[in-house]
Every structure is written in C-alpha cells, then in structure tokens.
Amino acid sequence: MISLWQFLKKKKYKRIPLSPVGTGHLKFEATINGVSGEFILDTGASNTCIGFEDLERFKLYAKDSEVKAAGAGAIDMLTQIAQDNLIEIGPWKTKNISIVLFDLSHVNQALINHDAKPVSGIIGADVLKLGKAIIDYQYNCMYLK
C-alpha cells in the first residue's frame, strides 16, 4: 500500500513539517523576502498576516488599507497591505503575495498564555490555496504543490 507522502511526492508536492503549540495551532518556519520567521498555520484566516512591528524586518512596503481585520477575539483592527512579496515555505515558493499587516499582539499574547513562543505572523488561506495545501494532522505536516 502506498503512503500519502509517496502518493503526493509523485504529484510534485513538497512536505513541510509542522510543530504543535499549546493553543492547538501548528507552527512552522517560512521565509518572506529572504527573511526567516515562525508562523502559525490558520486555515480560517483569509490572508497571510504579519504584525506591524515586523514591517521593516521582512522588507515590506505597505500602504493603508480600508479593510478592517477581525479574528481571535478582536474586531475592526486597522490594517495595511504590502504587495508583491516572495514567500518560501521549505522548498516551496511563490511570488507576488500580498501580506496584510495588523496588530498581532492579541495572537502572540494567546500563545504566551499557553507557554508558546510568539510568532512573526499567520499563513492563511491565500497561500494555502495557491499551494494546493493538504494538511496531515496525524503526522503534523503539510504538503504544498
């Protein structure tokens, strides 16, 4: 019998290891514009997001956005958007990703409250759709094509 990984490897998927954190989220390393950081996987987040404080670190050029962010108990948060970014997750990469910037302090506080380290941001459904993501919760990994 062929394993899921063997099957997906034949379909040109890349395997990305994930680490569980105390909140129930899965964390992994990603690189944005050549700068590495820790991110949580959030299938419920429509966009990939980074905190305002990491704007310069990830070499983002942002402009104000009229879109208000909501999630994780916070609503109507001001946002900015940075377009045309390169994101690399393991051996998988894509260009021209738009990243939403907003106050991630409530997300990181929730992680700290569960004895987890803060993250640089959230990888959302926009990237997951582009990569045709398959998440394997049993083996804590994700596959991207």
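- Pairing each heavy atom of P91 with each of I16, the nearest pair is CD-CD1, 3.9 Å.
- In this structure, S98 OG and D84 CG are separated by 7.0 Å, a value rounded to the nearest 0.5 Å.
- For the atom pair SG of C141 and CZ of R15, the computed distance is 4.0 Å after rounding to the nearest 0.5 Å.
- A 4.5 Å side-chain heavy-atom check between H25 and L41 finds every atom pair outside the cut-off.
- Considering every non-hydrogen atom in both N108 and P118, the closest pair reads OD1-CA, 3.1 Å.
- Put simply, the side chain of I87 does not reach to within 4.5 Å of the side chain of K93, judged on heavy atoms.
- The closest side-chain heavy-atom distance from K117 to L111 is not below 4.5 Å.
- Although no hydrogens or angles enter the test, the distance criterion places a donor-acceptor pair under 3.5 Å between the side chain of D126 and the main chain of T48.
- Taking CD1 of I123 as the start and CG of D42 as the end, the distance is 10.5 Å to the nearest 0.5 Å.
- Of all non-hydrogen atoms in G22 and A116, the two that sit nearest each other are N-CB, 4.5 Å.
- S105 OG to I112 CD1: the interatomic distance, rounded to the nearest 0.5 Å, is 9.5 Å.
- Taken from CD1 in I135 to CG in L144, the straight-line distance is 9.0 Å, to the nearest 0.5 Å.
- The aromatic rings of F58 and F39 lie tilted to each other, with the angle between the two planes from 30° to 60°.
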- [ ] Begin from the C-alpha positions of Y143 and L4 and carry the test side chain to side chain contact (heavy atoms under 4.5 Å, CB included) through to its verdict.
- [x] CA-CA 10 Å; Y143 301 96; L4 175 62; 4.0 Å; yes
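- Remark: side-chain polar atoms of D54 are not paired, donor with acceptor, to backbone N or O of R57 under 3.5 angstrom.
- A donor-acceptor distance shorter than 3.5 angstrom exists from the side chain of N85 to the backbone of I97, with no hydrogens or angles considered.
- Nearest heavy atom pair, residue K59 against residue N33, reads O-ND2, 3.4 Å.
- A centroid separation of 6.0 Å or more is found between the aromatic rings of Y13 and W5.
- Using modelled atom types, one side-chain atom of S3 and one backbone atom of Q6 make a donor-acceptor pair closer than 3.5 Å.
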